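Chain naming here is simple, since letters A, B, ... match the order of the sequence lines and numbering starts at 1 in each. Keep in mind the model is a prediction, meaning the values are calculated, not measured.
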Protein chains: 2
Amino acid sequence: MTIPRAAKTLRRTRIQEEKEEQILEAALDVFSASGFRGSTIDQIAEVAGMSKPNLLYYFRTKEAMHRALIDRVLYTWLEPLRAFDAEGNPEEEIRSYIRRKLEMARDFPRESRLFANEVLQGAPHIEDELKGPLKELVDEKAEVIRAWAKAGKIVKCDPYHLIFSIWSTTQHYADFDVQVRAVLGQEHSGDGRFEDAARFLEQLFIGGLRPDPIGT
Amino acid sequence: MTIPRAAKTLRRTRIQEEKEEQILEAALDVFSASGFRGSTIDQIAEVAGMSKPNLLYYFRTKEAMHRALIDRVLYTWLEPLRAFDAEGNPEEEIRSYIRRKLEMARDFPRESRLFANEVLQGAPHIEDELKGPLKELVDEKAEVIRAWAKAGKIVKCDPYHLIFSIWSTTQHYADFDVQVRAVLGQEHSGDGRFEDAARFLEQLFIGGLRPDPIGT
DNA sequence: GGATAATTTGACCGATTGGTAAACATTACA
DNA sequence: TGTAATGTTTACCAATCGGTCAAATTATCC
């Protein structure tokens with residue numbers, strides 16, 4: 001007699017490990033490309049190379065798959081912001097935050113699009129994460145930035161909108177990739193666009209945040 | 001005997017005018033919230049307050065509705081960039097471009113999300129518009145910016161990435177609205193966030209683009 | 001007012017959706 | 001090696017999908 005579904009066993013088997021990995025990889029492909037509602041279990045099953053019921057043996061519902069995927073990716077996704085160091089040199093911290101975020105847009109565009117799709121469609125599945133862990137992390141780092149501004153190390157500015165602007169400019173290269181490529185044309189659509197973007201964004205943010213020469 | 005479908009008549013009736021308007025309004029609601037694949041004709045019909053066959057009398061397919069919607073919205077959407085004036089004062093042109101884009105994010109968030117959804121999911125329906133009219137417009141304005149830089153009116157920078165960064169930072173407030181609200185918390189989620197954003201972005205871009213005091 | 005064209009709807013279609021039941025196959029472990 | 005738990009598949013389900021059809025209703029114009 002079979003116990004209804006996977007994950008009921010106390011110990012995870014090797015097969016469970018492998019198949020869940022395989023499924024989440026496929027789910028990332030599909031969800032990031034079509035959003036939750038636009039994706040189908042059949043698509044994911046095909047990409048994962050297994051039958052639909054087999055996939056549903058590991059994740060009971062489409063929502064469960066999405067949930068597991070979000071959980072797995074979210075922590076990693078916030079890593080660059082977490083690395084933001086209050087003790088470091090402001091200019092260097094911001095520069096390296098931009099660089100890291102840009103590297104993630106280049107190396108993990110599917111993860112970026114997964115969240116973009118989710119947030120764009122009203123974040124029905126991650127509202128709690130946004131209002132909880134994300135807000136707390138941003139609040140903490142905003143305080144760091146505010147302190148830098150107060151100490152005259154950078155210009156006085158709204159730290160939240162500064163963070164938003166770094167998020168949006170960097171993630172743009174993952175989320176709006178096809179538009180960026182279309183506008184730049186074939187000749188500038190190689191990986192060089194990320195270096196150009198990095199150069200421009202550092203110039204913009206470092207220049208834009210440099211403290212006023214005359215204190216006020 | 002009925003001629004198969006609407007729009008076959010040479011003269012558009014009053015009813016056609018009204019109903020098509022009504023449908024596109026509903027379609028904007030639904031498509032912008034769920035993307036093309038995630039939206040259903042039934043949803044749109046319900047929002048539009050009419051039966052599904054009636055809706056399909058005016059637009060033969062879901063794609064036709066989407067197409068009509070995109071066409072109607074695209075021209076308006078590019079208006080701010082078109083207004084970018086080569087003869088104007090660079091600082092003032094950039095400032096007002098940011099302000100205009102931010103106003104559009106505030107006043108027409110559905111339009112912004114419509115495009116965001118489309119581009120995010122690979123732009124399957126607007127590839128031609130991106131590579132054609134959009135690219136041409138951006139090329140033209142990039143040349144203006146390049147000339148300003150050459151003349152020392154603004155700092156030397158990549159004009160394409162400058163435009164991208166204005167797009168991304170401003171549209172962020174429409175496309176990622178729920179995230180912005182979640183992070184800012186209830187107390188800062190009123191319309192005031194657009195004024196704060198405007199202030200910050202002007203500071204960032206004007207400061208970041210100010211020409212080097214020492215030439216070269 | 002009546003003919004004609006335009007509009008609207010309920011009933012329906014085949015395909016696809018998320019998900020299930022149960023038989024079958026494989027693995028782990030004593 | 002046997003057996004119980006785990007893993008996989010075929011066949012299927014009701015609901016929903018995009019879309020059609022023919023009949024009924026309404027507007028238009030002479």
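In this structure, the NE2 atom of H66(A) is 13 Å from the P atom of dG19(C), given to the nearest Å. Separating the CG atom of L55(A) from the C1' atom of dT20(C) is a distance of 14 Å, rounded to the nearest angstrom. Separating the CD1 atom of I44(A) from the P atom of dG18(C) is a distance of 8 Å, rounded to the nearest angstrom. If you measure from atom CZ of F59(B) to atom C1' of dT20(D), you get 19 Å, rounded to the nearest angstrom. Residue R60(A) contributes atom CZ, which lies 12 Å from atom P of dG19(C) at whole-angstrom precision. Taking atom CD of residue E18(A) and atom C1' of nucleotide dG7(D), one finds them 13 Å apart after rounding to whole Å.
The aromatic rings of H172(B) and F176(B) sit parallel, their planes meeting at an angle under 30°, below the 60° perpendicular limit.
Under a cut-off of 6.0 angstrom, the local environment of CD in E46(B) is sparse, with at most 12 non-hydrogen atoms contributed by other residues, nucleotides or ligands.
The side-chain heavy atoms of I44(A) and T40(A), taken from C-beta on, include no pair separated by under 4.5 Å.
Between N54(B) and dT7(C), a side-chain N or O to OP1/OP2 separation shorter than 4.0 Å is absent. Dashed line: the shortest gap from a side-chain N or O of S51(A) to OP1 or OP2 of dT8(D) is not under 4.0 Å. Between Q16(B) and the phosphate of dT7(C), there is a side-chain N or O to OP1/OP2 separation shorter than 4.0 Å. For Y57(A), a side-chain nitrogen or oxygen approaches OP1 or OP2 of dG7(D) to under 4.0 Å.
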Which atom pairs, one a donor and one an acceptor, fall under 3.5 Å between side chains of residues 69-76 of chain B and the rest of the protein, sequence neighbours left out?
unit_1, atom_1, unit_2, atom_2, d
D71(B), OD1, R67(B), NH2, 3.3
R72(B), NH1, E21(B), OE1, 3.4
R72(B), NH2, E21(B), OE1, 2.8

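Nearest to the side chain of Y58(A), among dA6(C), dG7(D), dT9(D), sits dG7(D). Which of dT7(C), dC21(D), dA11(D) sits closest to the side chain of P53(B) comes down to dC21(D).
Neither side chain, Y160(B) nor D196(A), offers a donor N or O lying under 3.5 Å from an acceptor on the other.
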Taking only nitrogen or oxygen atoms into account, show me every contact under 3.5 Å that the protein makes with nucleotides 14-18 of chain D, one pair per line with its distance.
unit_1, atom_1, unit_2, atom_2, d
dG18(D), OP1, S39(B), O, 3.2
dG18(D), OP1, K62(B), NZ, 3.1
dG18(D), OP2, I41(B), N, 3.0
dG18(D), N7, K52(B), NZ, 3.1

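Remark: D177(B) engages R193(B) in a salt bridge, criterion side-chain N to carboxylate O under 4.0 Å.
Centroid-to-centroid, the aromatic rings of W167(B) and Y173(B) stay 6.0 Å apart or farther.
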